2 protein chains.
Amino acid sequence: MANNIRDIAKLAGVSVTTVSKVINNLPNVSPSTRARVQQVIQDQQFIPSHTARGLVKGKSKTIGMFLTTSLAHPFFSKVVVGLESALKKTGYDLLYLTLDWNPEYSLVRHCLSRNVEGVLIFGFQENDLNFEEIIQSEIPTVFIDLDMMGRRAGYVTSENVESIKNAVYYLHELKHRKIAFVNGHLDSYVGKQRFEGYRRGIQELGLPYFAEYISIGDFTKESGYAAMKGFMQLEEPPTAVVCSSDMIAIGVIEAAGEAGLSIPQDLSVIGFDDIELAKHTIPALTTVHQDFDTIGNQSILLLNDLINTPHSPPPALIIPTKFVIRKSCAECTR
Amino acid sequence: MANNIRDIAKLAGVSVTTVSKVINNLPNVSPSTRARVQQVIQDQQFIPSHTARGLVKGKSKTIGMFLTTSLAHPFFSKVVVGLESALKKTGYDLLYLTLDWNPEYSLVRHCLSRNVEGVLIFGFQENDLNFEEIIQSEIPTVFIDLDMMGRRAGYVTSENVESIKNAVYYLHELKHRKIAFVNGHLDSYVGKQRFEGYRRGIQELGLPYFAEYISIGDFTKESGYAAMKGFMQLEEPPTAVVCSSDMIAIGVIEAAGEAGLSIPQDLSVIGFDDIELAKHTIPALTTVHQDFDTIGNQSILLLNDLINTPHSPPPALIIPTKFVIRKSCAECTR
DNA sequence: CTGAAAGCGCTTACAG
DNA sequence: CTGAAAGCGCTTACAG
């Protein structure tokens with residue numbers, strides 16, 4: 001049984017150098033020799049060791065991925081589809097790196113010991129981990145939904161600011177003037193961005209900025225529910241609500257429904273994400289569609305550039321969203 | 001800058017053997033020597049190469065995972081949470097292996113070249129891939145939701161048969177006698193199992209077996225919708241429908257709603273999976289809850305046994321489900 | 001307790 | 001076009 005390049009060399013009656021050349025499709029091997037070696041490789045079902053190759057070349061053809069466990073979030077699997085296609089294209093495999101939360105643990109150590117060529121970071125917020133360390137290490141890194149930059153680190157995210165701003169504009173065109181906003185955590189990058197979008201929309205349209213119309217939750221249905229309950233206490237409740245996630249919107253709709261308001265006649269609601277559920281709410285949710293597939297795909301492609309193109313600039317890629325109009329908004333009649 | 005064990009040895013004034021012993025916490029090093037070496041390691045921020053270690057030991061501390069891209073399915077992320085905790089416990093990292101669909105491609109080659117110690121296969125059906133090859137290779141393998149077995153291969157899945165049977169029993173207790181079943185693909189393992197559950201339930205309860213009450217779809221909402229439309233054409237439409245997924249149930253409910261039936265008064269519906277959405281349907285869906293976390297967790301643990309316990313028998317682990325009673329079933333009044 | 005040496009399975013100048 | 005040899009960074013008998 002031939003287990004290594006030396007066995008193959010012996011069987012083919014050549015040197016290991018030659019076998020290596022054949023395996024790697026390098027020139028300077030006569031056609032007949034090449035054919036003979038290939039035959040032996042085939043016969044023996046020889047599989048070169050990726051590990052040994054990695055050791056001598058100092059490359060692993062592996063990208064490390066750090067993920068929050070709280071990634072039980074609904075987008076993850078969609079992003080993975082995008083990752084997969086780009087991985088295939090670039091020839092990398094993805095190593096799902098499990099985080100260890102003991103004090104001596106270090107992202108960088110893990111990466112270095114595993115010899116990953118680049119790192120993908122997804123689902124984390126600014127202060128979750130010691131990202132400075134990894135940026136300093138200059139291991140090529142791409143963050144998803146977190147605007148970290150470094151000499152060899154960049155990010156990809158959806159168009160958050162404009163998307164929310166557009167939602168506000170859309171409601172304004174429908175004659176809404178009392179437009180509330182239910183956001184997620186402000187310590188998350190997307191939370192900050194979307195808030196900025198709301199702020200700009202209100203400002204550019206010359207609408208008054210009411211602190212009472214802004215609620216900060218945590219992207220969940222529950223936080224949307226609570227926010228809407230709050231709005232309904234106001235003397236002048238909003239006639240429309242922009243939400244920072246579809247789940248928030250669903251909570252808003254539920255609270256509104258309990259109070260006897262019908263959507264969209266009495267209240268217009270806009271979500272964010274376009275999750276599966278958004279099509280199935282009653283009424284179907286008007287929302288901002290995120291292109292998760294492209295996010296995944298581009299993350300790997302950019303990482304590949306960072307790794308393999310010597311002076312490639314750190315990326316900061318904003319993926320366009322799509323505004324999906326369904327049934328949860330109507331013209332304001334009051 | 002110290003990059004390898006030899007540099008450390010030099011700096012500490014010892015042999016590489018000794019450094020290796022210190023790194024691996026092996027005995028036969030004097031305390032003072034050990035301390036000195038550790039100090040140097042610390043000072044130099046030395047990180048041993050996982051790759052080199054893997055090469056000589058023939059082990060990679062890596063588990064390979066094959067996943068369908070169609071894994072954009074909603075459970076995946078929940079299973080990952082379970083995987084993660086077990087990975088941490090066992091010290092393995094997960095290599096997400098991207099499949100290459102060209103004819104020469106082989107799962108086993110990929111695994112062998114990457115030197116993974118075990119393989120997790122998730123989201124595939126019997127004939128999707130050449131699983132025989134991987135079973136023959138005797139690389140330790142655990143399948144999720146696919147009952148493949150081999151000398152070193154086993155599986156973990158939810159209790160599918162009993163769960164559906166119980167659902168049928170539950171409806172029977174609610175005095176339903178015309179109980180339909182909307183299944184997913186029969187070429188999927190879980191499809192077959194759940195069908196068997198339905199069959200047994202009907203049989204044991206002495207209910208007549210009507211082919212018209214059985215619809216085979218593809219786990220989607222659309223297939224549920226179509227199935228229910230069909231049922232309503234029958235002379236004696238069912239009074240209750242057991243579904244092989246929550247999405248199917250949602251489609252059934254939608255079709256029923258369009259025909260003016262109210263749930264649960266006119267029709268009882270039971271789902272499967274207990275996805276997020278199940279709580280939010282109107283009425284909230286009675287369903288079979290799958291314990292995805294445990295599925296993920298046990299998969300790794302069993303794989304770990306398979307890898308590290310010499311004669312560990314191939315596992316066939318059935319994870320219990322929980323029947324979650326919500327609002328979509330009522331006593332049959334007709 | 002310590003270290004010299006062989007070896008894991010490859011790649012890569014280099015000489016012929 | 002071909003091959004001997006050094007080396008990637010470790011571990012592990014083995015001898016002292």
Side-chain angles (χ1 to χ4, degrees), chain A residues 1-41 44-62 91 109-117, chain B residues 1-41 44-62 91 109-117:
Chain A
M1 170 87 187
N3 292 315
N4 61 41
I5 209 179
R6 216 171 315 123
D7 297 334
I8 299 297
K10 214 165 290 168
L11 286 168
V14 297
S15 71
V16 295
T17 306
T18 302
V19 175
S20 177
K21 280 178 185 162
V22 171
I23 289 171
N24 294 289
N25 263 311
L26 296 175
N28 298 329
V29 181
S30 77
S32 67
T33 306
R34 192 181 296 271
R36 185 151 34 93
V37 173
Q38 273 164 343
Q39 189 55 246
V40 175
I41 288 175
Q44 301 294 320
Q45 307 212 52
F46 172 66
I47 300 161
S49 160
H50 187 272
T51 310
R53 186 167 213 276
L55 180 60
V56 14
K57 302 202 67 153
K59 302 200 169 186
S60 60
K61 268 298 176 184
T62 304
R109 297 178 72 79
H110 201 156
C111 292
L112 259 29
S113 95
R114 279 287 186 171
N115 195 24
V116 304
E117 298 184 43
Chain B
M1 170 88 184
N3 291 314
N4 62 39
I5 209 179
R6 216 171 315 124
D7 297 335
I8 299 296
K10 215 166 290 170
L11 285 168
V14 297
S15 72
V16 295
T17 307
T18 301
V19 175
S20 178
K21 280 178 184 162
V22 172
I23 289 171
N24 294 290
N25 263 313
L26 296 175
N28 298 328
V29 181
S30 77
S32 67
T33 305
R34 191 180 296 270
R36 186 151 35 92
V37 173
Q38 273 163 343
Q39 190 54 244
V40 175
I41 288 175
Q44 301 294 319
Q45 308 212 52
F46 172 66
I47 300 160
S49 161
H50 187 271
T51 310
R53 187 168 212 275
L55 180 59
V56 15
K57 302 202 68 154
K59 302 198 170 186
S60 59
K61 268 298 178 185
T62 304
R109 296 178 72 79
H110 201 155
C111 292
L112 259 30
S113 94
R114 279 286 185 169
N115 195 23
V116 303
E117 297 184 43

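Throughout, a chain's letter reflects where its sequence line sits, starting with A, and its residues are numbered from 1. Predicted model, so just to flag it, every value in this text is computed and none were measured. Values below: all heavy atoms of this structure, side chains included; hydrogens, waters and symmetry mates excluded.
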Checklist line | Between CD1 on residue B:Ile47 and CG on residue A:Leu112, distance to nearest 0.5 Å | finding: 4.0 Å
Checklist line | D:dC1 OP1/OP2 closer than 4.0 Å to side-chain N/O of A:Ser30 | finding: no
Note to self: Name the residue from A:Val22, A:Ile23, A:Thr17 that meets the side chain to side chain contact (heavy atoms under 4.5 Å, CB included) definition with A:Val19.
What the structure shows: A:Ile23
Next item on the list: At under 4.0 Å between heavy atoms, which parts of nucleotides 8-16 of chain C does protein reach? Answer with one letter per nucleotide, 5' to 3': B base, S sugar-phosphate only, - none.
Entry: BBBBBB---
Notebook entry, point to check: Tell me, do B:Arg34 and B:Asn25 make a side-chain contact under 4.5 Å, heavy atoms counted?
Noted result: yes
Next item on the list: Could you check if a side-chain atom of B:Gln44 sits within less than 4.5 angstrom of a side-chain atom of B:Asp7, using non-hydrogen atoms only?
Entry: no
Next item on the list: Decide yes or no for A:Ile5 and A:Ser20: does some side-chain heavy atom of the first lie under 4.5 Å from some side-chain heavy atom of the second?
Entry: yes
Next item on the list: Give a yes/no answer on whether the side chain of B:Thr18 brings an N or O atom under 4.0 Å of OP1 or OP2 in C:dG3.
Entry: yes
Next item on the list: May I ask you to verify if any side-chain N or O of B:Thr33 is less than 4.0 angstrom from the OP1 or OP2 atom of C:dC1?
Entry: no
Check: Can you tell which of C:dG3, C:dC1, D:dC1 lies closest to the side chain of B:Val14?
Finding: C:dG3
Notebook entry, point to check: Under a cut-off of 3.5 Å for both distances of each Watson-Crick or G-U pair, what dot-bracket string does DNA chain C give, using [ ] for crossing pairs and | for inter-strand pairs?
Noted result: |||.||||||||.|||
Checklist line | Nearest-0.5 Å distance that lies between atom CD1 in B:Ile8 and atom OG1 in B:Thr18 | finding: 13.0 Å
Checklist line | d(NZ, B:Lys10; C1', C:dG3) in whole Å | finding: 15 Å
Notebook entry, point to check: Between CG of A:Asn4 and CZ of A:Phe46, what distance do you get to the nearest 0.5 Å?
Noted result: 6.5 Å
Check: Side chains of B:Arg114 and A:Thr62: is there a donor and an acceptor less than 3.5 Å apart?
Finding: yes
